[in-house]
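Each ligand, and each atom within it, is numbered from 1 in the order the structure gives. Since the structure is predicted, the reported quantities are computational estimates derived from the model, not experimental observations.
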Amino acid sequence: MNIVVSVTGGIAAYKTVHLVRLLTKAGHDVTVVPTEDALRFVGLPTWEAISRHPVTTSVHDDVARVRHVALGQNADLVVVAPATANSIAKMAAGLADDLFGTTLLATEAPVLIAPAMHAEMWRHPATQANIATLRARGVHIVGPADGELAGGDSGLGRMSEPEEIFDAAVALLAPRDLDGLTVAISAGGTREPIDPVRYLGNRSSGRQGAALAAEAAARGAEVVLVAANISADVLSAAQHPSIRVVPVGSAAELSAAMKDAAAEADVLVMAAAVADYRPVAVSDRKLTKEGGGIPPIELVENEDIVAALVAARRPGQLVVGFAAETPEDEEELFARARRKQQRKGVDVLVVNEVGWDRGFESADNAVHILGRDGAAAGSASGSKRAVSAAVWDAIAGAR
Ligand code: C5P
């Protein structure tokens with residue numbers, strides 16, 4: 001997609017370098033349009049190097065290609081980050097005395113702004129009136145956040161983090177191809193109690209599942225997110241009016257919640273890391289060393305939830321499984337994945353290679369996706385949100 005990132009003159013401009021990098025890494029063609037003032041914070045060579053496109057602030061450069069309107073006309077999305085109080089006022093007034101102004105007037109694409117200023121300037125009635133004007137025109141706003149500001153101040157006015165702006169931008173680019181669908185997604189890792197204070201668990205953070213939920217909601221789906229032990233911080237990525245979170249602890253609780261959601265859902269996604277075994281007996285009291293010796297923990301097998309969902313599925317309901325593998329090489333990865341897809345009977349299988357330092361707990365992921373009959377249906381790497389987009393593309397393709 002063609003994205004224009006407009007940078008206006010605030011100290012947060014340095015964070016926008018990372019935003020441009022995230023967008024280009026996700027495969028977008030990014031043109032940076034800074035204001036003259038923005039270049040006092042981050043110089044032109046940085047923007048050219050990071051976007052791999054020529055950068056100018058003036059309407060008088062590249063006149064033959066009518067650059068002052070062409071950039072806005074050709075954009076699929078315009079992001080203004082940071083958006084200073086002055087640039088917000090300029091947008092509200094429709095001023096066009098530089099390339100930033102003309103680009104914003106010439107575009108019919110969605111516009112996303114990330115305000116950044118001191119708290120007093122943000123609170124000022126003039127800024128609030130300008131924001132209300134932009135909102136009424138359909139401009140999307142991310143942030144500002146509460147936190148440290150330039151010069152040691154703190155308050156509401158800090159630009160949102162690049163990752164958050166990236167997610168908001170990607171959401172605006174998302175197709176609405178899941179409109180009218182209800183989906184249930186399990187995420188996180190189950191905990192099987194041993195005694196009141198201990199459990200058998202795993203390292204899954206729930207980030208990939210939360211990103212899948214956010215992507216589905218952005219594309220128009222109603223989402224039930226069955227969240228196994230996911231921190232509030234991770235869950236904040238899945239805050240959306242169309243996402244209902246159902247918190248669960250153990251595999252048995254997750255199973256009950258998914259079966260409940262399955263009654264309504266068109267698509268079931270089992271992204272959670274479910275414990276294969278649980279302790280046979282859960283002690284009412286904390287196990288102590290006083291008993292002497294090492295207490296054995298006898299295990300019993302848990303239900304394979306995804307297989308149960310497949311067995312009970314309604315006609316037209318699609319079931320998606322995940323597989324975390326630690327294979328020798330890619331050939332082995334695919335062979336094991338195809339066997340697992342057959343064994344579990346899932347329509348789509350998302351396979352990720354994991355290791356001590358890969359997959360779990362990290363912000364990034366890399367997956368291969370198998371569609372119906374084990375056919376390769378895509379692969380993706382990058383942020384868990386970018387991976388989610390590829391997974392939903394494959395699911396939409398398999399329906
Ligand atoms: O066999 P494996 O655990 O690798 O399979 C992973 C897939 O199976 C995931 O989709 C996971 O959510 C699901 N699963 C399940 N019930 C279990 C174990 C795994 O539904 N008891």
Which atom pairs, nitrogen or oxygen on both sides, join ligand 1 and the protein at under 3.5 angstrom?
from: ligand 1; atom 1: 1 (O); to: K340; atom 2: NZ; distance (Å): 3.4
from: ligand 1; atom 1: 1 (O); to: K344; atom 2: NZ; distance (Å): 3.2
from: ligand 1; atom 1: 4 (O); to: K340; atom 2: NZ; distance (Å): 2.3
from: ligand 1; atom 1: 5 (O); to: K344; atom 2: NZ; distance (Å): 3.0
from: ligand 1; atom 1: 8 (O); to: K344; atom 2: NZ; distance (Å): 2.9
from: ligand 1; atom 1: 10 (O); to: M270; atom 2: O; distance (Å): 2.7
from: ligand 1; atom 1: 10 (O); to: F322; atom 2: N; distance (Å): 2.8
from: ligand 1; atom 1: 10 (O); to: F322; atom 2: O; distance (Å): 3.3
from: ligand 1; atom 1: 12 (O); to: M270; atom 2: O; distance (Å): 3.3
from: ligand 1; atom 1: 12 (O); to: A272; atom 2: O; distance (Å): 2.7
from: ligand 1; atom 1: 16 (N); to: I305; atom 2: N; distance (Å): 3.0
from: ligand 1; atom 1: 20 (O); to: I305; atom 2: N; distance (Å): 3.3
from: ligand 1; atom 1: 20 (O); to: V306; atom 2: N; distance (Å): 2.7
from: ligand 1; atom 1: 21 (N); to: E303; atom 2: O; distance (Å): 2.9

Q.
Looking at D347 and V319, would you say the former's side chain and the latter's main chain have a donor-acceptor pair under 3.5 Å?
A. yes

Residue pairs fulfilling ring pair (Phe, Tyr, Trp, His ring centres under 6.0 Å) with at least one residue in [range], sequence neighbours excluded:
{"range": "residues 159-218", "answer": "none"}
{"range": "residues 297-335", "answer": "F334-H368"}
{"range": "residues 369-399", "answer": "none"}

Q | Test: D167 and K384 ion pair at under 4.0 Å | A | no

Q: Just do the side chain to side chain contact (heavy atoms under 4.5 Å, CB included) check on V350 and V320 with the steps written out, would you?
A: CA-CA 8 Å; V350 183; V320 182; 4.1 Å; yes

